[in-house]
Structure formats: C-alpha cells, structure tokens
Amino acid sequence: MKLKILMITSGLIILSGCATSPPKNPDNICDIFLEHRDWYAASKEMNENWGTPIHVPLAMMYQESSFKHNAAPAMEYFWFIPIGRASDAYGYAQAKTMTWKDYQRETGNSWADRDDFYDAVDFMGWFTNKTHKINNISKWDAYHQYLNYHEGWGGYKKKSYNKKPWLLNIARKVDTRSKQYATQLRGCQENLESGWLWRLFFT
C-alpha cells in the first residue's frame, strides 16, 4: 500500500512540473485552486516551509507572470533586429538566474525549475522569508514584500523605489490583490482542506 501511494505521489510531482495553462479566472484564488488543484497543495507546503501566507506570493505571482509558466521579459529590438531581453527573469515567479541559483544552493533543491509551479511558489516563500530576516518586513505585508522582490534587498534598503512612482502604484495593486485573495481564501479554504486530497486522486 505504501509503495502504491509513493508511486501515485511521484506521478503527481512529475505532472505538477508539466506546462500548465494560466487559470481562467485569476481574479479569484478559490477558482485558481479549483482549476489547478495541485497548486493548492504546493502553496500549502510553501506556507508550512516558510510561514508566508498563501495569498501574498500568489498576488505577487499574478503581477509578475499572470501565472504563465514560461513568462519572460519582452524581447528588445534595434530597428528590427532582436538584441535580447531586458533581464534573464523567467517563469511563474519571474525569478532571475542568479537569485534562483541562490535559492537552489540554500535549499538544496538543485533540480528546481522556474517553470514548475511547485518550485516557483516555494522560491517566493524562500524570498519573502529572507526579506523578513534581512529587512524586517512582515511576511503578511504584500506591499513592502513586493518592493523588496522588485528592487532586491539592497535596493529596498536604499529606498530606490521612491524614485519610481509607477512601481509604488504596482505595489499598491499587489497589496490590494493580496487582501482580496485572503478574503476569498477564507471562504473556501475549509473546502479545499477537507477535499483536496480526494479530488486530487479521484477527479
């Protein structure tokens, strides 16, 4: 029986790494988790690992990639000749290569992929946890967590965001969405908790 459960669980992990289409209704976190049921399990594990509430990284992820597994900055052109992208950010979390490698090294998760939701949401939990340690920002504070995420811990300390009113506006949007997600999740989390395992295996 244990072997059977292990095999099924391993299969689910492999499937969670496959390319997944963005949720049809990204404005409602309950609809997101009902459509992509393995995302709730991944988000719950992130919360258990890092103590970051589920609604914070999900709101940040919406802003960064609109939940597209292969999201990347737009290609830049010189006339009609492509010259590369503005940064090497990639995946659900729009994680930059260097920061992603730091995450892999510090967590021992060397097989992590930026286009895997499970790894991406865990990365965001790791990042928000470090933001709390480095800059003393609450893991529940989506506004300042997002500013750290965008500017980096050093940039946040230097208050580089104050020169970017457009970024402050985006951070406010992330904060608003985070609170919206939190309210929605309170309304469906009991259902997700009681039925996610059954639905995951049998629907």
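Remember, it's a predicted structure, so these values are computed and weren't measured experimentally.
- Note: Phe127 and Tyr149 meet the aromatic proximity criterion, with ring centroids under 6.0 Å apart.
- At a threshold of 4.0 Å, the pair Arg105-Asp102 counts as salt-bridged, since one of the basic side-chain nitrogens sits closer than that to a carboxylate oxygen.
- Residues Ile29 and Tyr40 have side chains not in contact (no heavy-atom distance under 4.5 Å, counting atoms from C-beta outward).
- Using a 4.0 Å cut-off between charged side-chain N and carboxylate O, Lys158 and Glu151 make no salt bridge.
- For Lys68, the NZ atom is loosely surrounded, since the number of other residues' heavy atoms within 6.0 Å does not exceed 12.
- Two residues are said to be in side-chain contact when any heavy atoms from C-beta on lie closer than 4.5 Å; Asp119 and Trp100 meet this criterion.
- Around CH2 of Trp153, the count of heavy atoms belonging to other residues, nucleotides or ligands within 6.0 Å exceeds 12.
- Shown here for Phe67 and Tyr92, the closest heavy-atom pair between the two residues is O-CE2, 3.3 Å.
- For His36, the side-chain contact (heavy atoms from CB on, under 4.5 Å) partners are Thr20, Ser21, Pro23, Asp38, Trp39, not counting sequence neighbours.
- When every heavy atom of Gln180 is checked against every heavy atom of Asp27, the shortest pair comes out as NE2-O, 2.6 Å.
- Counting only residues at least two apart or on different chains, the disulfide bond (SG atoms under 2.5 Å apart) pairs with a member in residues 143-193 are Cys30-Cys188.
- A 6.0 Å sphere centred on NZ of Lys179 holds no more than 12 heavy atoms belonging to other residues, nucleotides or ligands.
- The heavy-atom pair separating Tyr146 from Met60 by the smallest distance is CD1-CG, 4.1 Å.
- Taking both residues in full, the closest heavy atoms of Ser65 and Ala71 are given as CB-CB, 3.6 Å, listed atom of the first, atom of the second, then distance.
- Taking 4.5 Å as the limit, every side-chain heavy atom of Ile137 sits out of range of all side-chain heavy atoms of Leu147.
- Within 6.0 Å of NZ on Lys164 lie more than 12 heavy atoms contributed by other residues, nucleotides or ligands.
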Which is it for Met46 and Thr52 under the side-chain contact (heavy atoms from CB on, under 4.5 Å) test, yes or no, and what are the steps along the way? CA-CA 7 Å; Met46 177 281 304; Thr52 301; 3.8 Å; yes
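- The heavy-atom pair separating Pro22 from Ser66 by the smallest distance is CB-O, 3.7 Å.
- Asp141 and His144 share a side-chain donor-acceptor pair at under 3.5 Å.
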Determine whether Asn70 and Asp115 satisfy the following criterion, side-chain contact (heavy atoms from CB on, under 4.5 Å), listing intermediate values before the conclusion. CA-CA 6 Å; Asn70 60 350; Asp115 56 5; 5.5 Å; no
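- Smallest separation of non-hydrogen atoms from Tyr143 and Asp175: N-OD1, 3.7 Å.
- At a threshold of 4.5 Å between non-hydrogen side-chain atoms, the residues Pro57 and Phe123 do not count as touching.
- Here the rule is ring-ring contact (aromatic ring centres under 6.0 Å, His included) with His150, and of Trp166, Tyr161, Tyr156 only Trp166 fits it.
- Judged by the 6.0 Å distance and 45° axis criteria, Arg177 is positioned over the aromatic ring of Tyr62.
- Side-chain contact between Lys24 and Asp31 is absent, with no heavy atoms from C-beta onward closer than 4.5 Å.
- Side-chain contact of Tyr118 with Glu45: a donor-acceptor pair under 3.5 Å is present, judged by distance alone.
- In the hydrophobic cluster analysis, where Ile, Leu, Val, Met, Phe, Trp and Tyr join through side-chain heavy atoms closer than 4.5 angstrom, Ile134 is grouped together with Val56.
- The one candidate from Val174, Ile170, Leu168 that meets the side-chain contact (heavy atoms from CB on, under 4.5 Å) condition with Arg172 is Leu168.
- Under the 3.5 Å distance criterion, the side-chain polar atoms of Gln145 are left unmatched by any main-chain donor or acceptor of Asn129.
- Of the possible donor and acceptor atoms, none in the side chain of His132 sits under 3.5 Å from a partner among the backbone N and O of Lys139.
- The CG atom of Leu58 lies 13.5 Å from the CD atom of Gln63; values are rounded to the nearest 0.5 Å.
- Taking 4.5 Å as the limit, every side-chain heavy atom of Gln94 sits out of range of all side-chain heavy atoms of Arg114.
- No side-chain N or O of Asn109 forms a donor-acceptor pair with one of Asp122 less than 3.5 Å apart.
- The main-chain N or O of Asp116 is never found under 3.5 Å from a side-chain atom of Asp113 such that the two would form a donor-acceptor pair.
- Residues that satisfy the side-chain contact (heavy atoms from CB on, under 4.5 Å) test with Asn47, not counting sequence neighbours, are Ile54.
- Using a 4.5 Å cut-off between side-chain heavy atoms of Ile, Leu, Val, Met, Phe, Trp and Tyr, with links allowed through other members, Met61 and Leu167 fall into the same hydrophobic cluster.
- Although no hydrogens or angles enter the test, the distance criterion places no donor-acceptor pair under 3.5 Å between the side chain of Asn148 and the main chain of Thr131.
- Between the side chain of Gln104 and the backbone N or O of Ala112 there is at least one donor-acceptor pair closer than 3.5 Å.
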